[in-house]
A.B. asks: 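Shown below is the structure under consideration.
Only heavy atoms go into these numbers, but all of them, side chains included; no hydrogens, no water, no symmetry mates. Within every chain, numbering begins at 1; the chains are lettered A, B, ... in the order of the sequence lines, protein sequences first and strands thereafter.
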Number of protein chains: 2
Amino acid sequence: MSQRMNTEARREQMARAALDLLAERGSEGFNIADLAESVGLVPSAVYRHFEGREDVLDAALDVFRDRVYRLVDAARNEAENPLMALELLLTRHAKLIESGGAVPYIMASMNAPGGHAARRSKTERIFRGYVSRVEAVVRDGQVSGQVRSDVDPATAALLFAGLIQPAIQLRHAEGERFDISAHVARVWDLFRRAVGHD
Amino acid sequence: MSQRMNTEARREQMARAALDLLAERGSEGFNIADLAESVGLVPSAVYRHFEGREDVLDAALDVFRDRVYRLVDAARNEAENPLMALELLLTRHAKLIESGGAVPYIMASMNAPGGHAARRSKTERIFRGYVSRVEAVVRDGQVSGQVRSDVDPATAALLFAGLIQPAIQLRHAEGERFDISAHVARVWDLFRRAVGHD
DNA sequence: TCCTCATGTGAATCTATATTCACATCATAA
DNA sequence: TTATGATGTGAATATAGATTCACATGAGGA
């Protein structure tokens with residue numbers, strides 16, 4: 001028999017493992033058997049801790065949301081000023097993508113139609129939460145004078161999200177051949193010119 | 001019995017229908033039974049014209065690719081100058097998304113991991129083809145002097161793709177509430193400032 | 001007109017997964 | 001030490017969906 005674990009710890013472990021699997025195969029390729037195996041258990045054991053497949057995906061999304069939001073908040077706290085916060089955030093996204101972390105994939109495929117309605121609306125909320133956090137940083141930038149006041153913060157926040165999204169696709173498709181950090185550095189210059197003072 | 005049709009016409013019809021279904025439900029939710037019904041046939045009839053599900057998806061991607069590329073080429077031909085070509089292309093993307101056309105969805109979910117390897121590499125090629133067409137327009141812009149020469153065309157092309165991608169997500173999630181044409185107009189100003197002079 | 005092939009149909013079949021269930025085993029509290 | 005509830009296991013079961021197959025039918029050429 002495998003190592004026993006109380007259900008709270010097991011849920012946590014499985015949610016993280018599920019997120020990793022989602023990163024590799026997407027929700028389409030995700031299945032209970034692989035999840036169970038990845039934590040050294042048998043498929044039926046998953047049902048000791050989750051109501052079913054959707055419940056697992058829901059928990060994985062919670063993990064995802066916490067990680068992403070933490071990433072934004074950390075960048076905001078650590079940087080000296082709002083623009084540097086966005087730059088830091090962008091480079092950290094790139095690093096995560098390079099290391100194959102789960103965050104990037106989900107961010108990119110969040111929009112997949114089909115699938116469970118509740119799951120979709122959850123990913124929608126997560127994305128909006130992300131964007132509104134970035135939007136807040138943009139507003140900070142306007143207060144500090146780094147960002148032009150005629151820039152619409154919501155628009156700039158969506159543009160920021162767009163800096164990384166196509167790069168995620170290419171990275172996923174081309175792997176190492178696509179130097180995402182280098183791309184991000186170049187596109188950051190464009191973004192700064194777009195929102196900053198000349 | 002349903003209307004008979006020769007296999008070439010039927011394949012074409014089914015490929016288009018498949019693309020519409022993909023737009024609604026994604027590849028995860030796409031199934032042969034619904035496809036058959038949407039053209040007034042019975043599931044097994046699909047196999048008269050396609051080898052199987054993957055073959056259908058492949059054909060749908062061909063339709064998708066042709067439409068997208070045509071969109072870029074048309075914008076390039078119709079506009080007076082490269083920057084206006086990009087603006088026209090962007091607004092047409094927005095229109096397509098508003099009308100619920102299939103193009104936007106696939107563009108957005110193209111990166112979904114999992115799934116058939118051949119299909120993935122096909123979507124990758126399509127995306128790269130799209131980006132390199134946009135890249136060519138950017139180069140034109142540099143030649144004509146509208147785009148700064150220190151801008152990397154590949155980077156700008158990816159940024160351009162990023163203008164529309166997050167908007168697709170929001171549109172998909174929020175529907176009518178998200179005014180994508182208005183957003184696109186605002187983000188275009190940012191893009192022009194990023195790549196243009198002054 | 002009659003034949004034959006291409007196309008359409010409905011009923012199987014096959015397969016991958018999720019899910020359930022009866023049973024086993026371990027931790028721990030009394 | 002023993003009883004009990006929580007966790008893990010392996011063998012069913014259930015189901016959705018793709019795929020196959022034998023048969024039907026209609027259009028067009030001999």
Side-chain angles (χ1 to χ4, degrees), chain A residues 1-61 112-120, chain B residues 1-61 112-120:
Chain A
M1 172 126 43
S2 302
Q3 188 62 45
R4 276 174 153 242
M5 211 176 277
N6 68 51
T7 206
E8 187 187 6
R10 198 58 110 176
R11 268 187 75 99
E12 192 63 25
Q13 179 198 33
M14 283 179 167
R16 291 168 189 276
L19 192 56
D20 288 341
L21 288 176
L22 284 171
E24 287 174 34
R25 302 131 178 243
S27 66
E28 198 170 348
F30 173 83
N31 67 65
I32 298 294
D34 288 349
L35 171 63
E37 188 182 15
S38 77
V39 296
L41 292 183
V42 101
S44 58
V46 173
Y47 296 84
R48 287 273 168 241
H49 311 288
F50 292 95
E51 296 194 0
R53 184 188 141 102
E54 279 305 322
D55 192 23
V56 174
L57 294 177
D58 193 73
L61 280 178
H116 208 54
R119 172 150 48 100
R120 267 225 316 281
Chain B
M1 175 127 41
S2 303
Q3 188 62 47
R4 279 176 151 241
M5 209 178 277
N6 70 51
T7 206
E8 188 186 4
R10 201 54 114 175
R11 269 187 73 98
E12 194 61 25
Q13 178 197 33
M14 284 179 166
R16 292 169 190 277
L19 193 56
D20 288 342
L21 288 175
L22 284 171
E24 288 173 33
R25 304 130 178 245
S27 66
E28 197 171 349
F30 173 84
N31 66 66
I32 299 294
D34 288 350
L35 171 64
E37 189 182 14
S38 77
V39 295
L41 293 183
V42 102
S44 57
V46 173
Y47 294 84
R48 286 274 168 241
H49 312 286
F50 292 95
E51 296 195 358
R53 183 187 142 101
E54 279 306 321
D55 191 23
V56 174
L57 293 177
D58 194 73
L61 280 177
H116 207 55
R119 172 152 46 102
R120 267 226 314 282

A.B. asks: Heavy-atom contacts under 4.0 Å between residues 37-46 of chain B and DNA chain D, which residues?
C.D. replies: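 Listed by number, they are B:Ser44.
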A.B. asks: For B:Gly52 versus B:Tyr47, what's the shortest heavy-atom pair and its separation?
C.D. replies: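 Of all heavy-atom pairs spanning B:Gly52 and B:Tyr47, the closest is CA-CE2, 3.8 Å.
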A.B. asks: How many angstroms lie between atom CG of B:Leu41 and atom CD of B:Gln13, to the nearest 0.5 angstrom?
C.D. replies: 7.0 Å
A.B. asks: What contact category does A:Glu51 fall into here, base, sugar-phosphate, or nothing, at under 4.0 angstrom with non-hydrogen atoms?
C.D. replies: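 The answer is nothing, as A:Glu51 stays clear of every strand by at least 4.0 Å.
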A.B. asks: Step by step, would you call A:Leu22 with A:Leu57 a side chain to side chain contact (heavy atoms under 4.5 Å, CB included)?
C.D. replies: CA-CA 9 Å; A:Leu22 284 171; A:Leu57 294 177; 3.9 Å; yes
A.B. asks: So for A:Arg4 and D:dA6, does any side-chain atom that can act as donor or acceptor lie under 3.5 Å from a complementary atom in the base?
C.D. replies: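 When only heavy-atom distances are counted, A:Arg4 does reach the base of D:dA6 through a donor-acceptor pair under 3.5 Å.
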A.B. asks: Could you state the atom-to-atom distance from OH of A:Tyr47 to P of D:dG10 in whole Å?
C.D. replies: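 So the two atoms are 17 Å apart, to the nearest Å.
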A.B. asks: Among A:Asn6, A:Val56, A:Asp55, which residue meets the side chain to side chain contact (heavy atoms under 4.5 Å, CB included) test with A:Arg11?
C.D. replies: A:Asp55
A.B. asks: Touch check for B:Arg48, heavy atoms < 4.0 angstrom, all strands: base, sugar-phosphate only, or nothing?
C.D. replies: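 The answer is base, as B:Arg48 lies within the cut-off (heavy atoms under 4.0 Å) of a base atom.
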A.B. asks: Using a 4.0 Å heavy-atom cut-off, does B:Phe50 contact any base of the nucleic acid, only the sugar-phosphate backbone, or nothing at all?
C.D. replies: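 If one applies the 4.0 Å heavy-atom cut-off, B:Phe50 turns out to touch nothing in the nucleic acid.
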A.B. asks: Apply the side chain to side chain contact (heavy atoms under 4.5 Å, CB included) test between B:Arg53 and each candidate in B:Ile32, B:Val46, B:Leu35; give the one that qualifies.
C.D. replies: B:Ile32
A.B. asks: Figure out the CE/C1' separation between A:Met5 and C:dA27, and round it to whole Å.
C.D. replies: 15 Å
A.B. asks: For the pair made of CD in B:Gln13 and C1' in C:dG8, what is the distance, rounded to whole Å?
C.D. replies: 13 Å
A.B. asks: Roughly, in whole Å, what's the span from CD in B:Glu28 to C1' in D:dA18?
C.D. replies: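 The distance from CD of B:Glu28 to C1' of D:dA18 comes to 16 Å, rounded to the nearest Å.
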A.B. asks: Supply the atom-to-atom distance A:Leu21 CG to A:Met14 CE, rounded to the nearest 0.5 angstrom.
C.D. replies: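 Reported to 0.5 Å precision, the distance equals 11.5 Å.
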